[in-house]
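Here is the naming used below: chain letters follow the sequence lines, and residue numbers restart at 1 for every chain.
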Protein chains: 2
Amino acid sequence: MRTSELAGQVGVNAETLRYYERRGLLNEPPRTSGGYRDYPPTAVDLLRFIKRAQELGFTLDEVEELLHLDSGGPDSCDVARGLAEHRQADLERRIRDLQRMHDSLADLVATCDRPRADRSCALLEAIDPHTEATR
Amino acid sequence: MRTSELAGQVGVNAETLRYYERRGLLNEPPRTSGGYRDYPPTAVDLLRFIKRAQELGFTLDEVEELLHLDSGGPDSCDVARGLAEHRQADLERRIRDLQRMHDSLADLVATCDRPRADRSCALLEAIDPHTEATR
DNA sequence: GTTGACTCTGTAGTTGGGTACGGGGTTGAC
DNA sequence: GTCAACCCCGTACCCAACTACAGAGTCAAC
């Protein structure tokens with residue numbers, strides 16, 4: 001299977017495959033006599049694994065670690081679990097942060113409906129009450 | 001007020017101020033006879049506005065827009081509200097995405113507690129059941 | 001045997017928000 | 001008048017995960 005065929009099946013850019021190879025995420029596939037990459041059919045599943053893991057929030061470095069684990073010994077499962085739980089905790093943190101941002105913003109937007117003096121914008125004032133300054 | 005004093009008061013790197021100036025976020029302050037930037041005291045509030053807006057999830061481009069609005073006409077309030085609501089919607093989307101990732105990951109980690117055949121990792125299998133491939 | 005679509009390589013650019021560095025000039029206390 | 005501590009500028013670098021490009025080679029159909 002050639003580069004663009006594989007890329008097409010998985011829905012990634014063909015350059016991305018070369019990038020993954022450079023990065024060590026994909027092993028170098030065999031080459032045809034003309035020097036073209038010739039991927040085995042299993043490469044499709046491998047790439048889908050990578051994409052799925054990315055969707056779950058793993059970085060490519062972590063994906064690489066997962067791939068090593070996958071062919072690893074009996075302790076691998078625990079390591080994988082650790083990675084996944086670490087990801088989970090990180091996601092929880094990020095969700096909390098975004099939620100805080102969202103709530104603060106909602107408070108600000110709510111000020112828009114308050115009666116206000118002529119030309120003053122409650123929202124902008126609320127972000128910082130003393131804004132005059134350099135510009 | 002000199003660059004590093006301002007930076008220190010707001011808690012940013014002094015280089016960041018030059019960066020904001022290059023970007024057009026801060027106007028060029030007056031200079032001393034020796035060519036040093038001499039910020040007015042109000043610059044502290046301005047920078048705090050910028051940092052606060054960043055914490056709320058606004059990009060620097062959006063912050064710049066907010067700053068323009070702040071000195072703008074009576075319609076500015078509506079524009080500002082629009083920007084804020086757009087940010088809110090974006091945050092909601094991102095929160096939902098992360099929540100989905102988190103839930104999927106939780107499902108995977110749950111498989112870790114299931115009884116499993118000797119050396120196979122349910123978590124890794126669950127991400128993709130057919131992983132053998134190129135590496 | 002020629003055309004056109006594909007592939008190869010190395011290198012460089014993208015995004016956003018900074019940070020770092022080198023080689024110089026200024027300030028102010030001693 | 002000397003010294004350290006600051007500041008100037010332009011430029012290059014950082015992160016992650018791609019994406020683009022130029023110039024060359026290959027393949028398959030006609």
Side-chain angles (χ1 to χ4, degrees), chain A residues 1-39 43 46-67 87 90-91 94 97-98 101, chain B residues 1-39 43 46-67 83 86-87 90-91 94 97-98 101:
Chain A
M1 196 188 300
R2 281 195 255 170
T3 300
S4 65
E5 192 186 346
L6 174 55
Q9 281 201 24
V10 186
V12 303
N13 192 311
E15 305 271 13
T16 302
L17 299 183
R18 290 210 314 117
Y19 169 67
Y20 285 172
E21 193 178 311
R22 273 205 304 285
R23 238 182 163 277
L25 205 56
L26 294 178
N27 282 342
E28 297 186 29
R31 301 286 183 123
T32 66
S33 56
Y36 286 13
R37 286 174 185 78
D38 186 24
Y39 292 97
L46 178 58
L47 263 170
R48 291 212 174 114
F49 177 102
I50 294 172
K51 285 295 156 194
R52 171 105 172 92
Q54 269 190 305
E55 280 165 19
L56 291 172
F58 289 93
T59 66
L60 290 184
D61 277 349
E62 289 167 331
V63 173
E64 198 177 343
E65 202 168 347
L66 287 175
L67 288 174
R87 280 276 68 226
D90 191 51
L91 285 169
R94 283 163 59 194
D97 287 348
L98 294 184
M101 287 183 200
Chain B
M1 193 189 299
R2 282 198 244 169
T3 300
S4 65
E5 191 186 346
L6 174 55
Q9 281 200 24
V10 186
V12 303
N13 192 310
E15 305 271 14
T16 302
L17 299 183
R18 292 209 315 115
Y19 170 66
Y20 285 173
E21 194 178 309
R22 272 204 304 285
R23 239 180 164 276
L25 204 56
L26 294 177
N27 281 341
E28 296 185 29
R31 302 287 184 123
T32 66
S33 56
Y36 285 13
R37 285 175 185 78
D38 185 25
Y39 292 97
L46 178 58
L47 263 170
R48 291 210 173 116
F49 177 102
I50 293 172
K51 284 295 156 193
R52 173 103 173 93
Q54 267 189 307
E55 281 165 18
L56 291 171
F58 289 94
T59 66
L60 289 185
D61 278 349
E62 288 167 332
V63 173
E64 197 177 343
E65 202 169 350
L66 287 175
L67 289 174
L83 282 173
H86 187 267
R87 280 275 69 226
D90 191 52
L91 286 168
R94 283 162 59 194
D97 286 349
L98 294 183
M101 290 183 199

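- Look at T16(A) and you'll find a side-chain N or O under 4.0 angstrom from OP1 or OP2 of dT19(D).
- Side-chain N/O atoms of N13(A) include one lying less than 4.0 angstrom from OP1 or OP2 on dA20(D).
- Across all strands, R37(B) comes closer than 4.0 Å only to sugar-phosphate atoms, never to a base (heavy-atom distances).
- One atom, CD of E5(A), and another, P of dC6(C), lie 12 Å apart when rounded to the nearest Å.
- Nucleotide dG16(C) holds its C1' atom 15 Å from the CD1 atom of I50(B), rounded to whole Å.
- In this structure, R31(A) reaches the sugar-phosphate backbone alone: every heavy-atom distance under 4.0 Å involves primed, P, OP1 or OP2 atoms, never a base.
- Donor-acceptor pairing under 3.5 Å, judged by distance alone, is absent between the side chain of Y36(A) and the base of dT7(C).
- Distances were taken from every side-chain heavy atom of R23(B) (C-beta onward) to each of dA17(D), dA20(D), dG17(C); the shortest belongs to dG17(C).
- When each of dT27(C), dA17(D), dC7(D) is scored by its nearest atom to the side-chain atoms of T32(B), the top-ranked nucleotide is dT27(C).
- For the OP1/OP2 pair of dG17(C) and a distance below 4.0 Å, the side-chain nitrogens and oxygens of K51(B) include no atom meeting the criterion.
- Taking only side-chain nitrogens and oxygens, T3(B) never comes nearer than 4.0 Å to OP1 or OP2 of dC6(D).
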- Task: Under the salt bridge (Lys or Arg N to Asp or Glu O under 4.0 Å) rule, what do R94(A) and D97(A) come out as? Steps first, then yes or no, please.
- Result: CA-CA 5 Å; R94(A) 283 163 59 194; D97(A) 287 348; over 6 Å; no
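- For Y19(A), whose side chain is taken as the heavy atoms from C-beta onward, the closest listed nucleotide among dC6(C), dC18(D), dG17(C) is dC18(D).
- Among the heavy atoms of the strands lying under 4.0 Å from R2(B) are primed sugar atoms or P, OP1, OP2 only; no base atom is included.
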